[in-house]
Amino acid sequence: MKYNQYALVKTDFDQKVKELTEINFLPSDYADYSFADLFKYLFKKAIVEAKTDASKETKLAEFAVNAKTSLAAFLKTNPSQITADEFYCAALQLLGYHIVYDYEFDKPTDLMKKNALPIFGDIKDKNDLIAAFYLLLNTRAKNGQTYIDVMAGRGYFTQFYGQNKFMFFNGKSLPVFDTSKVIREVVYVESDLDTDQDGESDLLQVTIFRVPESNVGLKLPALYTADPYFGGIIDNVKRNHNVDENLSDASSWSNPQYKAMPTVPAKKPSGNTSQASEEAVHKAAYTLNEYMLARGFANVYAGAIGTRGSDGLRITGSPEETESAKEVIEWLHGDRIAYTDRSRQTEIKADWCNGNIGMTGRSYLGTLQIAIATTGVAGLKTVVSEAAISSWYDYYREHGLVVAPEACQGEDLDLLAETCQSNLWDAGSRLKVQAKYDQMQKDLLAKSDRTTGQYSDFWEARNYRHHTDGIKCSFISVHGLNDWNVKPKNVYKLWQKVSKLPIASHLFLHQGPHYNMNNLVSIDFTDLMNLWFVHELLNIENGALTQWPKVMIQDNLEADTWHEEADWSGEGSEAVYYLNDDMSLNKNLPGHTAKSFTDVGGKEFKAAKISESAWEYQFICGDEKWAKASLRFTSDEYAHPITINGRPRIRIRVSASLAKGQLSCALVELGKRKRLTATPKFIMPGGQELGYRFGVDTLQEFMPDKETKAKLICKGHMNLQNYQDMKHPSKIEAEQMVDLDFLLQPTYYKMPRGSRLALIVYSTDQAMTKRPLEEETYTVDLAHSALSFWQK
């Protein structure tokens, strides 16, 4: 595995000396030391678990520089230099590797090259020695953390507790704050909204975790996570809508409208202030936040309207939802009032905050970052938005169809609102909001229009991409190329706009599904974010803006390989494949005939009693039971690898035996081989310390696994009645040929040599679309059908 280090900042020698001296690692009078004495001093400093000089001295005998000489014995010879192999033979043991089991005595640098660990080279004088130890402290250990973080987890930085200042190393903040004394408090921000319509402005509960130094004058930046799940979730397992129903004639669509909720302006901030009177009972929800908390970045969590401890109603994706989450930032920045409790008697200010706020979080939490960023709210300096929805239509719908997020068949806006309406758990709150909540549920269900699946003004109000010109903060997007919950279209279409704004922006695309990537082996994402937050929220010039490429894409064949790109869009050479009469994908010869298949909806799937994921794998592999309800077109084997980049395009002439229909298309890589695990494998569970005796995380990575026959690359779905306009349905007749032209979900997928590409044309996607109860035959005119995509 490669422990790639994109966050390792180039540093000149004088700065290395300064930083090592500041953290009490290098003695200020190092010039007076001999080479051997300085080596011993530095190595003993690195053995943090030994607390006395005597115990450190004995520890030297546990290390070796080669197959015959211990480190203690080597130092007794009073060396004036040391080879790279000798140095790293001992240093790798500090990094958590084991002689014989991980590397050979005389070949330690072989392991380092294999794992992409930085190597200094032969050390010929004291300056080299200092530089080599500086590099070693910045080298990722076997647990994935830099060695300076390993030292932190063993208590090295407790010596700096109480100094009331930030400290930095290689451009990153150090854990010099006592997390055993973290302040955990709750405040209530007053909103301008009245979503429960009781005549009073809604109060929003906000939970804060901050280090104690912030009570004695140290100003902290805030990492704010707008988390609708923070107060808990209501999990009603019987609630999902039925998807086993016939399609409807979409021409009955009536364009449901968005209607704003009432407002009651909040009071203006005054000069009064006080200490919080309520202690937080919830825990931090994201290990990246906790990691940064130990390094002086306050953690702030709020569910906002409708969540436990807050007033109001949950209105999934609405402008009100954005507004309420944004108002927390306004309080942090000093522009909005908050109280110590629900009595609204005592105001409390975020006087501990330096006014700079960053946002973090995945899924719904990342979605709200996009929404808030588009408002241009003062104080928001950066967002790190992971697996986020940029348009709620693209989450629950697609091209005029009801299309579910993966593993969420039958879920919709109303049901997600129910999941997050956690203030219903408190009896008093339930009594207050029940009637309005019930009405809101009906309204969300009606206006989201599960009958036709069409785009409308209601969905337009939930499309954040139309407001990207309001974004003023820097922007980092993270997304999985195999995320079928929040499908990649959400980040792709957002990126096409954000990347062109006059702001700093970056994109990370990993090989996972709906997943975080802060603790992968193959990329030092946590270190990168430390570097980023120091620059953006503490205004320290550390080179973060140019430290790594604009776009980083993880390879689908080699998990430890990342592609450094300038952009992610449909660029390269265009490949056009015709759907041929012999069921091949042919670059030269168009088809001439028509081919048909009969869709039976969900009837056979329901009888089979298998999971949606099991169905999908059998389907893409060509299992006869499922393949008969599709047309499958296959390319020749690829003689050389190619990369499919961006959104493949489908142009297809098709008719249906009924006056309605849905068409699905999937691109699949065929070929029996070992592919990466769908989710990362855990390596050294709990092996990463976030601070000192504070919290832990687990190293993980996508790794080659068992052989599989096929892999889904991307797919897409379309309503036949939208053949003229994606936003307006048309009436069609049975057997009427219509020309569909639509894009599949975006990808960046390397086809290996010897593989074949398959295009599967079908109708019912058991995992995502409605599953009709009636049979329908679809006929494809091959003479007017083609697949095209950009390839690299």
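Computed from a predicted structure; not experimentally measured.
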Ring centres of [X] and [Y] under 6.0 Å apart?
| X | Y | answer |
| --- | --- | --- |
| His506 | Phe475 | no |
| Trp790 | Tyr749 | no |
| Trp626 | Phe619 | no |
| Phe525 | Phe508 | yes |
| Trp568 | Tyr492 | yes |
| Trp548 | Trp562 | no |

[atom1]/[X]: more than 12 non-hydrogen atoms of other groups inside 6.0 Å:
| X | atom1 | result |
| --- | --- | --- |
| Arg673 | CZ | yes |
| Lys606 | NZ | no |
| Glu624 | CD | no |
| Lys625 | NZ | yes |
| Lys709 | NZ | no |

Spacing of [atom1] belonging to [X] relative to [atom2] belonging to [Y], to within rounding of 0.5 Å:
| X | Y | atom1 | atom2 | result |
| --- | --- | --- | --- | --- |
| Gln745 | Lys487 | CD | NZ | 6.5 Å |
| Asn556 | Phe702 | CG | CZ | 11.5 Å |
| Met718 | Leu401 | CE | CG | 8.5 Å |
| His399 | Leu743 | NE2 | CG | 6.5 Å |
| Gln618 | Ser611 | CD | OG | 8.5 Å |
| Phe230 | Tyr301 | CZ | OH | 6.5 Å |

Backbone of [Y] reached by a side-chain donor or acceptor of [X] within 3.5 Å:
| X | Y | answer |
| --- | --- | --- |
| Ser499 | Trp495 | yes |
| Tyr224 | Ala325 | yes |
| Asn516 | Asn518 | no |
| Gln421 | Ile233 | no |
| Ser664 | Ser763 | yes |

Hey, is [X] close enough to [Y] for a salt bridge, meaning N to O under 4.0 Å?
| X | Y | result |
| --- | --- | --- |
| Asp412 | Arg397 | yes |
| Asp741 | Arg651 | no |
| Glu558 | Lys2 | no |
| Glu321 | Arg462 | no |
| Asp394 | Arg465 | yes |
| Lys770 | Glu245 | yes |

Any luck finding a side-chain donor-acceptor pair between [X] and [Y] under 3.5 Å?
| X | Y | result |
| --- | --- | --- |
| Asp560 | Tyr3 | no |
| Gln547 | Tyr6 | no |
| Asn482 | Lys711 | yes |
| Lys550 | Ser505 | yes |
| Tyr291 | Gln688 | no |
| Asn289 | Thr360 | yes |
| His717 | Glu398 | yes |
| Asp599 | Thr764 | yes |
| Glu536 | Ser474 | yes |
| Gln662 | Asn719 | no |

- Message: Using side-chain heavy atoms (C-beta onward) and a distance below 4.5 Å, is Asn463 in contact with Trp392?
- Response: no
- Using 30° and 60° as the class limits, which term best fits the ring planes of Tyr393 and Tyr455: parallel, tilted or perpendicular? perpendicular
- Item | Stepwise side chain to side chain contact (heavy atoms under 4.5 Å, CB included) test for Asp227 and Tyr364 | CA-CA 7 Å; Asp227 183 359; Tyr364 205 161; over 6 Å; no
- Apply the test side chain to side chain contact (heavy atoms under 4.5 Å, CB included) to residues Lys628 and Glu604: give CA-CA distance (whole Å), side-chain angles for both, the deciding distance (0.1 Å), then the verdict. CA-CA 12 Å; Lys628 62 184 179 182; Glu604 292 185 352; 3.2 Å; yes
- Item | Taking every non-hydrogen atom, the tightest pair across Arg140 and Val521 | NH1-O, 2.6 Å
- Lys/Arg cation over aromatic Trp484: Lys715, 6.0 Å, 45° cone: yes
- When you look at Asp705 and Arg675, which way does the side chain to side chain contact (heavy atoms under 4.5 Å, CB included) test go after all the steps? CA-CA 6 Å; Asp705 197 20; Arg675 294 178 170 86; over 6 Å; no
- Item | Partner of Tyr396 under side chain to side chain contact (heavy atoms under 4.5 Å, CB included), chosen from Ser448, Ser391, Pro405 | Pro405
- Message: Run Ile234 and Thr419 through side chain to side chain contact (heavy atoms under 4.5 Å, CB included) and show every step you take.
- Response: CA-CA 4 Å; Ile234 295 176; Thr419 295; 5.6 Å; no
